[in-house]
Protein chains: 2
Amino acid sequence: MAFHLSDAQEKIKTGIDSGKMLIVIGECFVQYQGRAGSKLPKGKRMLLVKGDKSFAIHQNTKLRPINYMMNAQASVVLDSEKNALVISASKRKPKEKIDIYFYSIDFAESFDVEGEKELRLFGSERELSDLLMQDLSVLEKGLIPLNKEQMLRKGTIDIMAEDKDKNLVVIEVKRRRADLNSVRQLHSYMHQVESIKGRKTRGILCAPSIGKPTSELLEKYGLEYCKLDYEISNPHAEIKGLEKKQKTLFG
Amino acid sequence: MAFHLSDAQEKIKTGIDSGKMLIVIGECFVQYQGRAGSKLPKGKRMLLVKGDKSFAIHQNTKLRPINYMMNAQASVVLDSEKNALVISASKRKPKEKIDIYFYSIDFAESFDVEGEKELRLFGSERELSDLLMQDLSVLEKGLIPLNKEQMLRKGTIDIMAEDKDKNLVVIEVKRRRADLNSVRQLHSYMHQVESIKGRKTRGILCAPSIGKPTSELLEKYGLEYCKLDYEISNPHAEIKGLEKKQKTLFG
DNA sequence: GCGATCAGCGGCACG
DNA sequence: CGTGCCGTTGATCGC
């Protein structure tokens, strides 16, 4: 045992209050009650407490913590009966609580670590959507944009457009392979637009690829698919091509 | 600088190969290219490498890592021109690569940490669904279960049942507040069942709560809502009550 | 605050 | 392997 629990207590308390990144490693049992409930059997793990008061218990596999709580209030108490150092973190809205019982502590240290420095990401759906919006004619001749991110009462349409025959066109953009959910979204939006505007409306799903069942559901709903080829170059993504793959009665 | 980069190199290499949990803290720049692309400006951060070869770069906020890669192959190289220790992790399927440039290292250590010990969780949707399945009559008199987790060609139905009038009933269970997606799922499933079986089908959404827009869409589709009260007690969840809140032509 | 959607979603279970 | 969907989803943005 590298630490006496009482020594660790002070170190952990100070660490949490300091707003630094705190790392604690030791044998622990974890209990959670809130949106769900869980118990994690005794074992050696890492507790990671960040400056924003997020608590994460990590095992030696998986990307995500096995137990966690974010934006919590914490207490560090020595339970002399159980001979354990108990770190409790709780939250309201939703009401939840996590209790971490440390029976031994191998390591406890705080580190000065960057807080909010922002990641510059490219190739997001938003970026692709913006690019498409700039020139919808690559998708189909005569297609002109009407609106972006239009809020319906029940959902948000990626791109709203009008084709050369003055039909309304709802476009749903996906950065990765389209799935059933994508189709359900598009179908729902198209239905609402038809119902509101009272005129026939087309729906186009733009994605780099699409699976068989998804494609079948798309067809069943009378929607269209357009293959979206894009490349993520250095500072920005770039659309390489669009290819209409499926037509409906409107084609 | 607590470590010479060349000393750290050996420690990190050994740490990754050992399968232990490796923690590295230092000033770094991170670059990612794969499903998307990103650059993370130079700053002090923590790198967490787990036994399953998952790599995670953590800043001092948020639960999730700012950059990551799972199940990767790694190399640790000293770049004497840039005076940096470069940790690269790459993967195929999908092809992606992350490069971490450490310019200084404050801390590098490996720890023996529990790997796969399993969390016992209660209150999952699966558990609620199982409980409901045991006695559908609490939902509606005369309702009998036909099938659970029935795979359609385009989706999976939580519970399939039959009411006292021999109508088919599709039931979608949600462990938290129902949203538009829940309704879209249910609608899609009901539509498919009707189309396959060729007879009128009801759809019931079971969730602890539902919002206004979601409720409106539900009604528009002719679906029903049933409030699901449950409690997560110690080793298991428990259904406290069900209350039919919305009726359709079938009511 | 709720509402809706994206995410380099991750993770799981089933075909 | 892909396909579908849950998640204590988390995180973001708009109302």
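Letters go in sequence order (proteins before strands), and every chain restarts at 1. Owing to the predicted nature of the structure, the values given are computational and were not obtained by experimental measurement.
- Here the P atom of nucleotide C/dG1 and the NZ atom of B/K212 are 21 Å apart, to the nearest Å.
- Nucleotides C/dA4 and C/dG8 are separated by 23 Å at their P atoms, to the nearest Å.
- Between the CG atom in A/L228 and the CG atom in A/L132 there is a gap of 6.0 Å [rounded to 0.5 Å].
- At a threshold of 4.5 Å between non-hydrogen side-chain atoms, the residues B/M160 and B/V193 count as touching.
- Across all strands, B/K174 comes closer than 4.0 Å only to sugar-phosphate atoms, never to a base (heavy-atom distances).
- The minimum heavy-atom distance between A/L186 and A/G203, with the atom names listed, is CD2-C, 3.9 Å.
- B/P208 and B/K227 make their closest contact through O-NZ, 3.0 Å (heavy atoms, listed as atom of the first residue, atom of the second, distance).
- Neither OP1 nor OP2 of D/dT3 sits under 4.0 Å from any side-chain N or O of B/K154.
- Atom-to-atom, CG of B/L180 to P of C/dG3 comes out at 10 Å; the value is rounded to the nearest Å.
- What separates CG of B/L119 from P of D/dG7 is a distance of 13 Å, to the nearest Å.
- Residue contacts for B/E172: at a heavy-atom cut-off of 4.0 Å it reaches the sugar-phosphate backbone alone, with no base atom in range.
- Phosphate contact (OP1/OP2 of C/dG1, side-chain N/O of A/R92, threshold under 4.0 Å): absent.
- Checking C/dC6, C/dG8, D/dT9 against every side-chain atom of B/R175, the shortest atom distance belongs to D/dT9.
- Between C/dG11 and D/dA11, the two P atoms lie 15 Å apart (nearest whole Å).
- Within the structure, a side-chain polar atom (N or O) of B/R176 is placed less than 4.0 Å from OP1 or OP2 of D/dT9.
- B/K97 comes within contact range of no nucleotide atom at all, as no heavy-atom separation falls under 4.0 Å.
- Residues A/V169 and A/T201 have side chains not in contact (no heavy-atom distance under 4.5 Å, counting atoms from C-beta outward).
- In this structure, B/R177 does not reach the D/dT8 phosphate: none of its side-chain N or O atoms is under 4.0 Å from OP1 or OP2.
- Here B/E216 does not pair with B/K220 in a salt bridge; the nearest charged N to carboxylate O distance is not below 4.0 Å.
- Residue B/F102 comes nearest to B/I25 through the heavy atom pair CE2-C, 4.4 Å, listed as atom of the first residue, atom of the second, then distance.
- Taking the six-membered ring for Trp, A/Y221 and A/H187 have ring centres closer than 6.0 Å.
- Rounded to whole Å, atom P of C/dG8 lies 17 Å from atom CD1 of B/I100.
- Screening residues 36-62 of chain A for salt bridge (charged side-chain N to carboxylate O under 4.0 Å, His left out), with sequence neighbours left out, gives A/K44-A/D106.
- At the phosphate of D/dG4, neither OP1 nor OP2 sits under 4.0 Å from any side-chain N or O atom of B/R153.
- At a threshold of 4.0 angstrom between heavy atoms, the contacts of A/E96 include nucleobase atoms, whether or not backbone atoms are also involved.
- In this structure the side chain of A/M21 never reaches within 4.5 angstrom of the side chain of B/Q59, judged on heavy atoms.
- B/L152 has its CG atom 13 Å from the C1' atom of D/dC5, to the nearest Å.
- For DNA chain C, the residues of residues 185-195 of chain A within the heavy-atom distance limit of 4.0 Å (strictly under) are A/Q185, A/Y189, sorted by number.
- If you take atom P in D/dG4 and the same atom in D/dT8, they sit 22 Å apart, rounded to whole Å.
- Distance, A/E118 CD to C/dG8 P: 13 Å, rounded to whole Å.
- Taking the side chain of B/T156 as heavy atoms from C-beta on, and the options C/dA4, D/dT3, D/dC5, the nearest nucleotide is D/dC5.
- The pair B/E172-B/K174 counts as a salt bridge, with a side-chain nitrogen and a carboxylate oxygen less than 4.0 angstrom apart.
- With sequence neighbours excluded, no residue forms a salt bridge (charged side-chain N to carboxylate O under 4.0 Å, His left out) with A/R176.
- B/L40 has its side chain out of reach of B/F29: every pair of non-hydrogen atoms, C-beta onward, lies at least 4.5 Å apart.
- Residue B/K93 places its side chain closer to D/dC1 than to any other of C/dA7, D/dC1, C/dG3.
- Phosphate contact (OP1/OP2 of C/dA4, side-chain N/O of B/T214, threshold under 4.0 Å): present.
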Any protein N or O atoms within reach of nucleotides 13-15 of chain C? Criterion: under 3.5 Å, listing atom names and distances.
none

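- Of the candidates C/dG3, D/dA11, C/dT5, C/dG3 carries the atom nearest the B/P213 side chain, counting heavy atoms from C-beta on.
- Residues of residues 59-68 of chain A that place a heavy atom closer than 4.0 Å to DNA chain D, in numerical order, are A/R64, A/I66, A/N67, A/Y68.
- Remark: P of C/dG8 and CE of B/M69 are 12 Å apart, rounded to the nearest angstrom.
- A salt bridge links A/D99 with A/K97; the closest basic N to acidic carboxylate O contact falls under 4.0 Å.
- Taking the side chain as every heavy atom from C-beta outward, B/R126 and B/E149 approach each other to under 4.5 Å.
- In terms of heavy atoms, A/S233 sits closest to A/E238 at OG-OE1, 3.7 Å.
- The stretch residues 29-50 of chain B has no heavy atom under 4.0 Å from DNA chain D, so no residue of it qualifies as close.
- Heavy-atom distances to DNA chain D give each of A/M70 and B/G123 a nearest nucleotide, and the one nearer the 5′ end belongs to B/G123.
- Atom pair A/L121:CG and D/dG10:P shows a separation of 20 Å (rounding to whole Å applied).
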